[in-house]
Every structure is written in C-alpha cells, then in structure tokens.
2 protein chains.
Amino acid sequence: MGTVTQESAKPPRAPAVTRRAVLDAATRLIEQQGVAGLSMRKLAAELGVAVTSIYWHVGNREALLDELVQEMVHGLDTLPARGTTPTARVLSLALELRRVLRGHPHLIGLVNERGLTPAMFLPSQRALVAEISAAGLRGVRAAETVRALQYHVIGFILVERHTDRSPEQHPSAEELWLAEPSSDGDLAEALATPVDADRLFARSTEALVRSLLADQ
Amino acid sequence: MGTVTQESAKPPRAPAVTRRAVLDAATRLIEQQGVAGLSMRKLAAELGVAVTSIYWHVGNREALLDELVQEMVHGLDTLPARGTTPTARVLSLALELRRVLRGHPHLIGLVNERGLTPAMFLPSQRALVAEISAAGLRGVRAAETVRALQYHVIGFILVERHTDRSPEQHPSAEELWLAEPSSDGDLAEALATPVDADRLFARSTEALVRSLLADQ
DNA sequence: ATCCCTGGTGTAACAGTGTTACAGAAGGCT
DNA sequence: AGCCTTCTGTAACACTGTTACACCAGGGAT
C-alpha cells in the first residue's frame with residue numbers, strides 16, 4: 001500500500017480527503033494545541049469531512065499518533081557528526097539531535113511513552129558507536145558509554161520540555177535562593193536566574209562525554 | 001477527620017467520605033491503572049459515593065492531581081547524603097532520589113508536566129549545593145553543576161519510566177545489533193542485551209559527577 | 001441494462017469522560 | 001421555628017473515541 005490506496009490510476013471518485021492530508025492536519029493541530037488538543041472530530045471538521053472518513057484513512061487515534069511518531073523517528077535517520085576529535089564529534093551529534101527533537105516538542109513525549117526511544121535513537125546510536133570505537137573504547141564499556149549518552153540526551157530533552165512553562169510556583173526556587181543566607185552569594189544569585197538550557201545542555205553533555213571517553 | 005474542613009470539632013454529620021479518603025483512593029487507582037485510569041466516576045464508585053461528593057472535597061480532577069503531586073514532592077524533603085568524599089556524597093544523593101521517585105512511577109510524569117521538577121528538586125538542591133561548595137566550586141560554575149546534575153537525574157528517571165515496557169519493536173534494537181556486521185563483537189553483543197538501569201544510572205551519574213567536580 | 005463489488009463518505013448512536021445546576025438532608029445556632 | 005453550613009444525590013451538558021449502518025459513485029462482468 002504505497003502512500004495511499006491508489007497506486008497510479010483509478011480512484012473511482014476523487015477522495016474528499018487523503019491519508020496524507022489527515023496526517024498533515026493532525027500535525028498542525030498538535031503543534032497548535034498539543035496532543036491532548038487533537039480530537040478526531042476537530043480533525044474531521046478541520047478537513048470539512050465526517051469523522052468516519054478519518055477512521056477509514058488512519059484506523060483510529062492511536063494508529064494516527066503511531067504514524068506521526070514513526071514519521072518523526074524516520075526523520076532522524078541521518079544525523080551528521082562534525083568535528084575532529086571524538087569528543088567534539090560525539091558532542092556535535094548530541095547537539096544536533098537535541099536541535100531536531102526540539103522541532104517536535106509534542107511528539108517526543110509520545111515517542112517515549114511508546115517505548116520507542118531506543119528505536120528513535122538507533123540511527124544516531126550507530127554514529128555514536130563509530131565515534132566511541134574511534135576513541136578507543138571496546139566491548140561492554142563502549143556499550144555502556146553509548147547508552148549513558150542516549151539516556152542523558154533524551155532525558156535532558158524530556159525535562160526541558162516542561163520546565164519552561166512552570167506554573168509560577170509561589171515560593172519559586174529563585175526567590176528561595178535569594179532569601180537563603182548563604183556563604184556563596186554568587187552561587188545563590190546564579191541559582192536565582194532562569195535556566196539557560198542551551199548552555200546547560202552543552203556543558204553537561206560535554207562533561208559527561210569527556211568523563212566517559214577519558215576515565216579508565 | 002481533622003485534616004478536612006472543620007478545624008476542631010463539629011462535623012454535623014459523619015461525612016460519608018473525607019478528603020483524605022479521596023486522595024488515598026485516587027492514589028490506589030493511579031497505582032493500579034495509571035493516571036489515565038483515574039476517572040472521577042470510578043473514584044466515586046470505589047468510595048461508594050456520588051461524583052459530586054468527590055468534587056466537593058477536592059475541587060476537580062486537576063486539583064486532585066495537584067494535591068497528590070504536592071504530597072509526593074513534600075515527601076522528598078529530607079534526603080540524606082552518605083559517604084566521605086564530595087563525589088560519593090553527591091552520588092548517594094542522586095541514587096537515593098532515584099530510589100524514592102521510582103516508588104511513584106505514575107506521579108513523576110505529572111510533576112514534570114506541571115513544571116514542578118525544580119520545586120521537587122529544591123530540598124536535594126540544598127544538599128547538592130552544600131556538597132558542591134565543599135568540593136570547592138563557587139559561583140556560576142557551582143550553580144551550573146547543580147543544575148546539570150538535576151537534569152541528568154530527573155531525565156534519566158523520565159526515560160527509564162517507559163523504556164521498560166517497550167511495545168516489542170519489530171526490528172528491536174537488540175536484533176539489529178546482532179545482525180550488524182561489526183568489528184567489535186563484544187560491543188554489539190552488549191548492545192543486544194537489555195539495559196541494566198541500576199548499573200547504567202550509577203555509572204553515568206558517577207562519570208558526570210566526577211567530571212563536573214574535577215575538570216577546571 | 002442490470003448486478004455486484006470496491007472505495008469512500010455520512011448519520012446517528014453507544015459508552016465513557018469532566019463538570020455543574022439544583023434539590024435535598026442532617027445537624028448546630030439563635 | 002427558622003436559618004446556616006456541611007455534605008450528598010439526581011440529572012443534565014458538552015465532549016471524547018469508536019462503530020453499525022446506510023448510502024453513493026464508478027468499473028467490470030453478465
């Protein structure tokens with residue numbers, strides 16, 4: 001079954017809607033209102049069509065989400081590793097991965113819920129393996145290193161997905177740190193400022209990579 | 001009883017259900033069927049009471065979940081740090097935190113969704129700050145270190161929450177690695193075995209801690 | 001020309017969800 | 001006796017995913 005149902009020639013009648021159109025409209029809805037904002041009826045209305053047509057084209061809601069997730073996962077197939085040293089190359093992979101995933105903030109939660117995180121990571125896992133082998137790691141240690149990096153990167157992304165839109169905690173962490181009597185005023189002040197996720201990710205990932213590749 | 005609305009004495013009639021009972025029943029339901037399995041009607045039926053009573057006691061579903069989350073967050077108030085070296089003490093904090101959070105697998109997702117991850121982490125953040133200061137880090141660098149550890153730990157937990165019950169990917173990562181022609185057979189074999197999360201967490205966290213505390 | 005089959009659409013319903021307007025009941029207070 | 005507060009129940013609203021069923025249009029076979 002190619003993209004849709006008709007391979008080349010004979011749709012008895014021009015379909016009012018295509019599988020592709022359904023997927024695209026669903027993507028649009030999710031990007032606007034989040035996964036919870038995607039309802040089959042809204043989707044049908046958006047396309048000017050009855051609900052049953054949606055069901056005919058994509059099965060059901062779960063299958064629709066599965067499809068979107070699969071498409072995104074396949075979009076991660078070829079991530080480039082740049083740089084000269086293994087550390088730099090591994091780091092660039094991690095940064096690139098985060099950059100791409102942040103383009104689909106609503107989907108990465110679904111990916112994880114479906115237990116597809118390993119699958120999503122598989123292509124970059126290959127690249128990681130190459131770099132880590134080049135760095136001289138072998139066998140079980142190398143495998144552990146690869147997985148540690150995977151968990152770190154995807155975990156970071158999962159965390160930062162929500163910490164942005166914190167619901168204004170009343171004693172916010174920032175206020176608490178400013179009130180705290182501390183010996184290190186600079187530290188307190190630094191903890192009282194919002195997180196710079198880009199910088200934090202780069203630093204922590206680099207620290208982890210260094211440690212994993214270096215320590216023996 | 002006392003925990004509810006009346007301050008000291010006079011419930012006009014013995015309430016058919018208390019706020020406490022609602023929260024407990026909700027916790028039980030969530031532990032059994034997950035957050036999605038918690039419906040207000042099920043909850044009412046479980047307690048042998050009409051839905052409106054639930055609403056009277058807890059407001060609405062969102063507020064109910066908020067309350068459960070808050071209770072869990074407050075349960076993390078006093079985590080001990082064991083060990084002699086700063087590295088060991090920080091590591092023990094991270095391990096302990098993960099141990100506790102894994103006792104509430106369904107709630108930690110909610111915590112993150114509500115942007116409460118920083119709040120949840122605040123008590124252990126204090127302990128972390130102490131250890132990291134003891135390790136000689138100051139100011140912005142220390143703050144970055146604390147946050148890097150936070151993100152790493154909570155991220156790991158978020159990831160592992162789902163990777164366990166992966167829905168049997170058809171070309172599973174394990175199979176793919178066994179099929180792959182590779183120069184490092186041990187590595188491929190290691191990647192083909194399931195993840196040992198305990199070990200992986202301990203190793204990766206230790207690597208990160210070491211790197212963050214040591215490198216200058 | 002009739003019939004059937006296949007692809008695609010629509011109507012209307014079922015069961016389930018969160019939430020709420022409203023009517024009560026039961027005890028304490030004045 | 002009335003009133004007020006605390007709680008509970010009935011019944012509804014709007015919404016969700018999903019499906020049984022009728023329908024319609026065109027192609028192929030008879």
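This structure is a prediction, so every number in the text was calculated from the model and none was measured. Every chain is numbered from 1 and lettered A, B, ... according to where its sequence line falls, protein lines coming before strand lines.
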Asks: Does B/T52 make a side-chain donor-acceptor contact with the base of D/dG9, cut-off 3.5 Å?
Replies: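 Yes, the side chain and the base share a sub-3.5 Å donor-acceptor pair.
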
Asks: Rounded to the nearest Å, what distance is computed from the CG atom of residue A/N60 to the P atom of nucleotide D/dT18?
Replies: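 My rounded result for the distance is 5 Å.
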
Asks: Dump the intermediate steps for side chain to side chain contact (heavy atoms under 4.5 Å, CB included) on B/R114 and B/L65, then the final yes or no.
Replies: CA-CA 10 Å; B/R114 275 140 220 268; B/L65 292 179; 3.5 Å; yes

Asks: Should the pair B/F156 and A/Y151 be assigned to parallel (<30°), tilted (30 to 60°) or perpendicular (>60°) ring geometry?
Replies: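 Ring orientation, 0 to 90° scale: tilted.
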
Asks: Dump the pairs, protein N or O against N or O of nucleotides 14-17 of chain C, anything under 3.5 Å, distances to one decimal.
Replies:
unit_1, atom_1, unit_2, atom_2, d
C/dT17, OP1, B/S39, OG, 3.2

Asks: What I want to find out is whether A/E71 reaches A/R20 closely enough, with some N-O distance under 4.0 Å, to be called a salt bridge.
Replies: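 The answer is yes: the pair qualifies as a salt bridge.
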
Asks: Once you round it to whole Å, what is the distance between P of D/dA11 and OH of B/Y55?
Replies: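 To the nearest whole Å, that distance equals 18 Å.
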
Asks: If you define the side chain from C-beta out and look only at heavy atoms, does anything of B/F121 sit under 4.5 Å from B/L76?
Replies: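 In short, these two side chains do not touch, never coming nearer than 4.5 Å.
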
Asks: Out of C/dG10, C/dG18, D/dG9, which nucleotide sits closest to the side chain of A/V49?
Replies: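 Among C/dG10, C/dG18, D/dG9, the one nearest the side chain of A/V49 is C/dG10.
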
Asks: Tell me the interatomic distance from A/L65, atom CG, to D/dT18, atom C1', rounded to whole angstroms.
Replies: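 Going from CG in A/L65 over to C1' in D/dT18 covers 15 Å.
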
Asks: Please walk me through it: do B/L38 and B/Q33 pass side chain to side chain contact (heavy atoms under 4.5 Å, CB included)?
Replies: CA-CA 7 Å; B/L38 170 73; B/Q33 321 189 23; over 6 Å; no

Asks: Should the pair B/D198-B/R102 be classified as a salt bridge under the 4.0 Å nitrogen-to-oxygen rule?
Replies: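 Salt bridge flag = yes for B/R102 with B/D198.
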
Asks: Heavy atom of residues 25-33 of chain A under 4.0 Å from DNA chain C: which residues?
Replies: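 None, since no heavy atom is under 4.0 Å.
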
Asks: Report the distance from atom CG of B/L47 to atom C1' of D/dC7, rounded to the nearest whole Å.
Replies: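 Rounded to the whole Å, the gap is 14 Å.
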
Asks: Check the pair A/T205 / A/L91 against side chain to side chain contact (heavy atoms under 4.5 Å, CB included), numbers first and verdict last.
Replies: CA-CA 7 Å; A/T205 308; A/L91 191 56; 3.7 Å; yes

Asks: In whole angstrom, give the distance that lies between atom CG of A/L64 and atom C1' of D/dT16.
Replies: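 Interatomic distance, CG of A/L64 to C1' of D/dT16: 15 Å.
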
Asks: Measure NE2/B/H57 against P/C/dT19 and give the value in whole Å, please.
Replies: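 Result: 17 Å.
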
Asks: Could you go step by step and tell me if B/H57 and B/L64 meet the side chain to side chain contact (heavy atoms under 4.5 Å, CB included) rule?
Replies: CA-CA 9 Å; B/H57 282 289; B/L64 168 57; over 6 Å; no

Asks: Using whole Å, what does the distance between atom P of nucleotide D/dC7 and atom CH2 of B/W56 come to?
Replies: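 After rounding, the reported distance stands at 4 Å.
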
Asks: Return the value, rounded to whole Å, for the distance between atom CD1 of B/I54 and atom P of D/dT6.
Replies: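 To the nearest whole Å, that distance equals 19 Å.
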
Asks: Is a salt bridge present between A/E96 and A/R82, judged by a nitrogen-to-oxygen distance below 4.0 Å?
Replies: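 A salt bridge is absent here (no side-chain N lies under 4.0 Å from a carboxylate O).
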
